[in-house]
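Take a look at the structure below.
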Protein chains: 2
Amino acid sequence: MANISDIAKQAGVSKSTVSRVLNGHKHVSKEKRRTILDVMERLEYSPNGNAINLSRGKTNTMGVLVPRVGHPFFHQLIEGIGQVCMERNHTLLVIQTEHDSAKEEASIQYLRDKRIDGLIIGAISQPQLLETMRTVGPVVACEDHQDIVPSLSFNHGKAIIMLLQHVEERGAQTVGLCLGNPDSGVGRVRLEAFDQYLKTSTLRHGIQWYADRCYSFEDGQALAGQLLTIDLPDAIIVGNDEVAAGLIHQFRKDGIRVPEDIAITGFDDVPIARALEITTIRQPVVMLGRLAAEQLLDDALNQSESASSLLEPSLMIRQTT
Amino acid sequence: MANISDIAKQAGVSKSTVSRVLNGHKHVSKEKRRTILDVMERLEYSPNGNAINLSRGKTNTMGVLVPRVGHPFFHQLIEGIGQVCMERNHTLLVIQTEHDSAKEEASIQYLRDKRIDGLIIGAISQPQLLETMRTVGPVVACEDHQDIVPSLSFNHGKAIIMLLQHVEERGAQTVGLCLGNPDSGVGRVRLEAFDQYLKTSTLRHGIQWYADRCYSFEDGQALAGQLLTIDLPDAIIVGNDEVAAGLIHQFRKDGIRVPEDIAITGFDDVPIARALEITTIRQPVVMLGRLAAEQLLDDALNQSESASSLLEPSLMIRQTT
DNA sequence: CTACAGGCTGAAACGCGTCCCAGTGCAACA
DNA sequence: TGTTGCACTGGGACGCGTTTCAGCCTGTAG
């Protein structure tokens with residue numbers, strides 16, 4: 001395949017001039033430009049991206065670190081990031097850790113490595129890595145790690161409180177909690193808000209009504225099975241709509257009425273929540289992805305330190321509470 | 001930041017030797033290896049990925065071309081591909097076209113460009129581009145384009161026939177069809193199978209019962225609104241569970257009974273189909289992603305031409321038919 | 001008719017590893 | 001002791017653009 005020197009030779013000019021044409025610099029006579037363009041076309045020339053990356057010291061690529069692409073939160077996030085990448089002529093490298101901490105560490109390598117210009121953290125189970133990441137390149141987290149790296153996230157603590165207030169107003173006296181990864185930033189914030197709220201309220205919680213590492217519809221169904229063997233709480237706060245849906249689905253199959261016997265809330269307001277009329281927290285995740293990507297690009301461009309912020313959640317009251 | 005020459009200089013050896021250590025080649029004395037490793041650590045050396053890519057002429061990165069990451073089919077596909085990438089030490093570049101044909105064309109550039117070693121086509125609306133892509137680098141399609149590029153896909157035609165047979169057996173005499181992108185490979189195969197089946201059957205279809213470019217729950221809801229203004233068919237085949245869910249949800253809100261008044265089928269068997277007990281086609285999409293990625297890697301490695309194949313769908317009969 | 005400005009162009013260094021080839025040195029074998 | 005062979009090492013070309021700097025040329029102002 002032809003390279004820039006071939007083009008230069010054939011066109012009777014130097015590499016510099018070809019490069020100028022390639023990058024739309026001025027100071028190239030129209031005849032030479034014409035000739036060079038012709039030769040390029042004839043030889044089906046295409047510049048080597050890796051050479052450009054090496055030479056320029058950047059790749060116009062951003063990375064995103066997620067545990068799993070299939071999770072509704074993360075694929076929405078990726079969609080938003082992808083939109084911005086497309087608009088701003090960047091590409092998107094997806095690093096799926098599957099909660100493997102070695103992979104999380106390895107992802108730092110891409111940054112150090114110069115294979116990506118910046119990294120968006122969808123979720124991370126080892127926040128201590130953030131410190132290192134930040135020193136290596138531009139990073140934006142979509143969890144709340146404000147003290148360490150620029151973060152853009154939903155106010156998960158507030159969301160939990162809104163849900164608890166809501167179920168309490170509806171008369172619940174006991175409440176359960178079901179989370180995803182309790183070690184993630186989100187998990188910890190949610191747990192803390194939950195504990196905090198209970199201290200100032202008459203709502204009661206018990207360890208038998210706590211579950212975590214629930215990610216899917218099936219996990220929700222399984223949890224329903226477990227809960228059925230004990231006394232149900234009046235309400236349960238579930239960290240993910242799909243899990244909530246599985247729970248509701250299985251409960252109803254087993255003759256438990258929702259919300260009469262147990263109120264259930266979800267998180268994210270994905271289609272399944274609308275289909276089952278699940279009371280949930282709406283979080284414009286695609287937008288979060290967009291904002292994070294934009295912030296990352298602006299940072300990288302301007303070298304400016306960016307502010308962190310918390311996006312406000314909204315409560316969607318439907319039929320399961 | 002330190003580069004390989006700095007390391008070589010500090011360690012009192014040549015770049016070659018450092019490179020050997022870097023790549024785990026033998027024929028390096030343990031003392032030198034030791035010294036080099038020490039220097040690397042001291043200088044916090046990290047090899048420049050772009051230099052490696054340029055030098056080796058490959059990037060250990062595969063691209064995946066999808067219209068939208070948020071679509072259930074595509075995010076499952078990406079998840080599977082991502083798993084394989086992780087296992088085999090590759091990275092995954094996501095190209096989200098949003099059905100923009102210019103973007104589809106541009107994606108060829110990444111391949112030609114050497115920024116990716118191979119490309120997986122999730123869906124493409126301009127199949128004529130495949131011809132070019134194939135000449136540029138390894139490609140595997142997850143739609144049926146067997147005649148042009150290696151393809152791995154579900155037998156969508158057969159799936160449509162299974163659904164039509166099923167609703168016919170349940171007594172339907174008229175049937176509607178709702179697709180996503182009618183120009184995609186999948187869309188065309190489905191449409192053709194649908195038309196073909198109707199020719200040999202007493203099932204009737206009418207243009208008023210056809211819709212396309214429906215992708216989301218909301219699109220399904222909107223479609224329900226439209227259908228309500230005309231006579232309903234006995235059954236409708238919907239190309240996507242989320243759309244089917246929206247349709248069912250809206251119909252039920254408006255007092256239309258499913259399946260009594262209208263039978264509805266979906267596609268993909270995602271959680272929402274289980275939640276609403278939608279009769280659908282199960283397609284192990286994550287597995288498809290894995291297979292496609294593995295095939296691509298094996299191709300790229302062995303330069304071998306790979307076979308295409310059609311994966312068998314299975315019909316999940318539930319409550320909406 | 002100078003002089004200076006500004007447009008145009010090329011040489012060469014640079015970014016950074018990889019890898020082939022040509023040794024060097026020492027040990028084992030004849 | 002001479003030969004063969006293998007472990008180890010370095011030199012330098014190569015992959016391919018980008019960019020800086022110097023220099024040439026032409027037009028215009030003085």
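Owing to the predicted nature of the structure, the values given are computational and were not obtained by experimental measurement. Below, chain A is the first sequence line, B the second, and so on; all start at residue 1.
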[X] with [Y]: basic N within carboxylate O range, under 4.0 Å:
| X | Y | result |
| --- | --- | --- |
| E79(A) | R68(B) | yes |
| R42(A) | D38(A) | no |
| R56(B) | D117(B) | no |

Rounded to whole Å, please give me the gap between [atom1] in [X] and [atom2] in [N].
| X | N | atom1 | atom2 | result |
| --- | --- | --- | --- | --- |
| K15(A) | dG15(D) | NZ | P | 11 Å |
| K58(A) | dC16(C) | NZ | C1' | 19 Å |
| I7(B) | dG10(D) | CD1 | C1' | 17 Å |
| D6(A) | dC16(D) | CG | C1' | 11 Å |
| N3(B) | dG15(C) | CG | P | 8 Å |
| K9(B) | dG10(D) | NZ | P | 14 Å |

side-chain N/O S55(B) vs dT18(C) OP1/OP2, d < 4.0 Å: no

Base-contact (B) and sugar-phosphate-only (S) positions in nucleotides 21-26 of chain D, heavy-atom cut-off under 4.0 Å, - elsewhere: ------

Look at all strands and tell whether [X] reaches a base, only sugar-phosphate, or nothing, counting heavy atoms closer than 4.0 Å.
| X | result |
| --- | --- |
| N53(A) | nothing |
| V13(A) | sugar-phosphate |
| S16(B) | base |
| S19(A) | base |

Candidate pair M62(A) and L119(A), rule side-chain contact (heavy atoms from CB on, under 4.5 Å), full reasoning: CA-CA 6 Å; M62(A) 70 175 85; L119(A) 182 63; over 6 Å; no

Among dT18(D), dT9(C), dT18(C), the one nearest R56(A) by side-chain distance: dT18(D)

With no hydrogens and no angle check, just 3.5 Å: does a side-chain donor-acceptor pair link [X] and [Y]?
| X | Y | result |
| --- | --- | --- |
| S184(B) | S125(B) | no |
| R115(A) | N53(A) | no |
| N240(B) | H71(B) | yes |
| R88(A) | N60(A) | no |

Contact residues, residues 36-52 of chain A to DNA chain C [heavy atom, < 4.0 Å]: A51(A)

Contact list for DNA chain D against residues 25-33 of chain B - heavy-atom distance below 4.0 Å: H27(B), V28(B), S29(B), K32(B)

Residues, nucleotides or ligands: over 12 heavy atoms within 6.0 Å of E44(B) CD: no

Residues R188(A), E143(A); criterion salt bridge (Lys or Arg N to Asp or Glu O under 4.0 Å); working and verdict: CA-CA 10 Å; R188(A) 275 196 304 270; E143(A) 297 183 315; over 6 Å; no

S151(B) side chain to V149(B) backbone, donor-acceptor under 3.5 Å: yes

